[in-house]
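Just so it is clear: chains get the letters A, B, ... in the order the sequence lines come, proteins before strands, and each one is counted from 1. Reckoned from all heavy atoms, side chains included, excluding hydrogens, waters and symmetry mates.
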Amino acid sequence: MQSQVEKNQAPKSVDRVDTASEREKPHIHFDDGSALNQDGTWKEKGRELTNKEKEWIEKNGWELPKTPSKKDDKKTQVKDEIPNNQKK
Amino acid sequence: MKFFTEEWCSGKLKTSETKKVARDYQAYLDEIYDELPFPIKLLAKHINLHDGILGEIQYSKSSNMLILNGSFGDLETGYFSLQLKYLGISNFDLNQVASLCKNQKLEILRDEIELLTTGGYSHRLFFAIKKELEIFFRNLEIEIKYIDAKDYYKICSFRLA
């Protein structure tokens, strides 16, 4: 993937791709300081990826970050616990 | 760099070659490990400098000492500031180091330790700007501090004490 960066075949926002080592998963560095591991976990500063970035990442067989489900995003709804017969 | 060359750091090697270099370096470290003083053992095996940013390099000719200050870590391991104080340094090229950190962001891609036949040590650092720094030293002191969030250094400054 780094060779694609050097040949301008990667999205412009990609700074470099670092290889795996004994302590590091392979990861992509973006120009805003964020970095994404191959398994889709954020190494630095998580953010929403652009469609171009997503497309390139998937094309290279890497995982996309897991986005929070809508269920998790829902605010707790306060139920109306006052019985109807007690309401004025 | 003897192990983690520019080709290794820029992913130009085949996966099998990349893994072999990492294995060879680990085997080398295992071989010399017992002979290393504790701070160098710690640096060689337990402190990950990858993606760390050097903020200051300080050289004292009178004390024959070189100090590197930087911030390191990631979301998974947490962040820390690290000071590496190299004592009894030799073959120090003042001009090379001064030009290395002149208005540049010094992000470390890889480092390696070597036990020299003269009894000293070499610590080699390879940066994202594709430049290398080699430090020859006799002893090392390490200071690590937890930092709440990564306080990135923008550029590296050089100080002559």
Side-chain angles (χ1 to χ4, degrees), chain A residues 1-50 52-69 72-73, chain B residues 1 3-30 42-53 71-79 105 107-113 126-130 147 149-154:
Chain A
M1 283 169 90
Q2 175 59 23
S3 61
Q4 294 175 41
V5 176
E6 287 166 14
K7 290 173 189 166
N8 296 320
Q9 293 166 349
K12 282 181 181 174
S13 57
V14 176
D15 246 0
R16 66 169 200 268
V17 180
D18 286 347
T19 189
S21 70
E22 65 278 19
R23 298 178 197 146
E24 297 283 339
K25 301 163 188 168
H27 54 272
I28 302 164
H29 284 271
F30 296 95
D31 59 4
D32 63 351
S34 58
L36 181 70
N37 287 318
Q38 188 177 27
D39 62 6
T41 56
W42 283 105
K43 182 174 166 61
E44 304 278 0
K45 295 182 187 173
R47 65 167 170 87
E48 186 67 33
L49 293 167
T50 65
K52 271 193 176 179
E53 290 167 343
K54 284 180 189 171
E55 196 182 308
W56 183 70
I57 287 164
E58 283 192 309
K59 199 178 80 182
N60 282 284
W62 287 32
E63 294 286 322
L64 290 176
K66 309 276 179 295
T67 47
S69 68
D72 294 335
D73 278 352
Chain B
M1 303 294 277
F3 293 90
F4 303 104
T5 58
E6 185 180 334
E7 287 72 31
W8 191 93
C9 292
S10 18
K12 285 179 180 149
L13 301 180
K14 289 177 187 166
T15 310
S16 58
E17 291 171 323
T18 303
K19 285 182 178 172
K20 186 183 178 306
V21 170
R23 274 200 310 272
D24 288 350
Y25 180 62
Q26 283 310 305
Y28 172 71
L29 279 187
D30 291 341
L42 200 63
L43 177 64
K45 286 250 182 183
H46 303 287
I47 300 177
N48 185 7
L49 301 187
H50 177 76
D51 288 345
I53 295 174
S71 54
F72 300 84
D74 60 25
L75 287 172
E76 195 180 339
T77 58
Y79 296 103
K105 183 180 170 186
E107 187 172 5
I108 299 169
L109 287 188
R110 193 66 220 207
D111 73 304
E112 56 188 37
I113 294 277
F126 188 77
F127 299 101
I129 55 168
K130 297 186 177 176
I147 49 178
K150 198 163 191 176
D151 185 16
Y152 273 111
Y153 290 99
K154 300 288 180 205

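Using a 4.5 Å heavy-atom cut-off against chain A, the contacting residues of residues 9-22 of chain B are B/Ser10, B/Lys12, B/Thr18, B/Ala22.
Around CD of A/Glu55, the count of heavy atoms belonging to other residues, nucleotides or ligands within 6.0 Å does not exceed 12.
For the side chain to side chain donor-acceptor pair (under 3.5 Å) condition, the pairs that include at least one residue of residues 26-41 of chain A, sequence neighbours left out, are A/Arg16-A/His29, A/Asp18-A/His27, A/Asp18-A/His29, A/Lys25-A/Asp39, A/His27-A/His29, A/His27-B/His50, A/His27-B/Asp51, A/His29-B/Asp51, A/Asp32-A/Ser34, A/Asp32-A/Arg47, A/Ser34-A/Arg47, A/Asn37-A/Thr41, A/Asp39-A/Thr41.
Nearest heavy atoms, A/Glu22 versus B/Arg110: OE2-NH2, 2.8 Å.
Rounding to the nearest 0.5 Å places CG of B/Leu109 at 10.5 Å from CD of A/Glu24. To the nearest 0.5 Å, the span separating OG1 on B/Thr77 from NZ on A/Lys43 amounts to 7.0 Å. Put simply, OG1 on A/Thr19 and CD on B/Glu7 are 13.0 Å apart, with the number rounded to the nearest 0.5 Å.
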Apply side-chain contact (heavy atoms from CB on, under 4.5 Å) to B/Trp8 and A/Ser21, showing your working. CA-CA 10 Å; B/Trp8 191 93; A/Ser21 70; 4.0 Å; yes
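Proximity to chain B is absent for every atom of A/Ala35, based on heavy atoms less than 4.5 angstrom apart. In this structure, chain A has no heavy atom under 4.5 Å from any part of B/Arg23.
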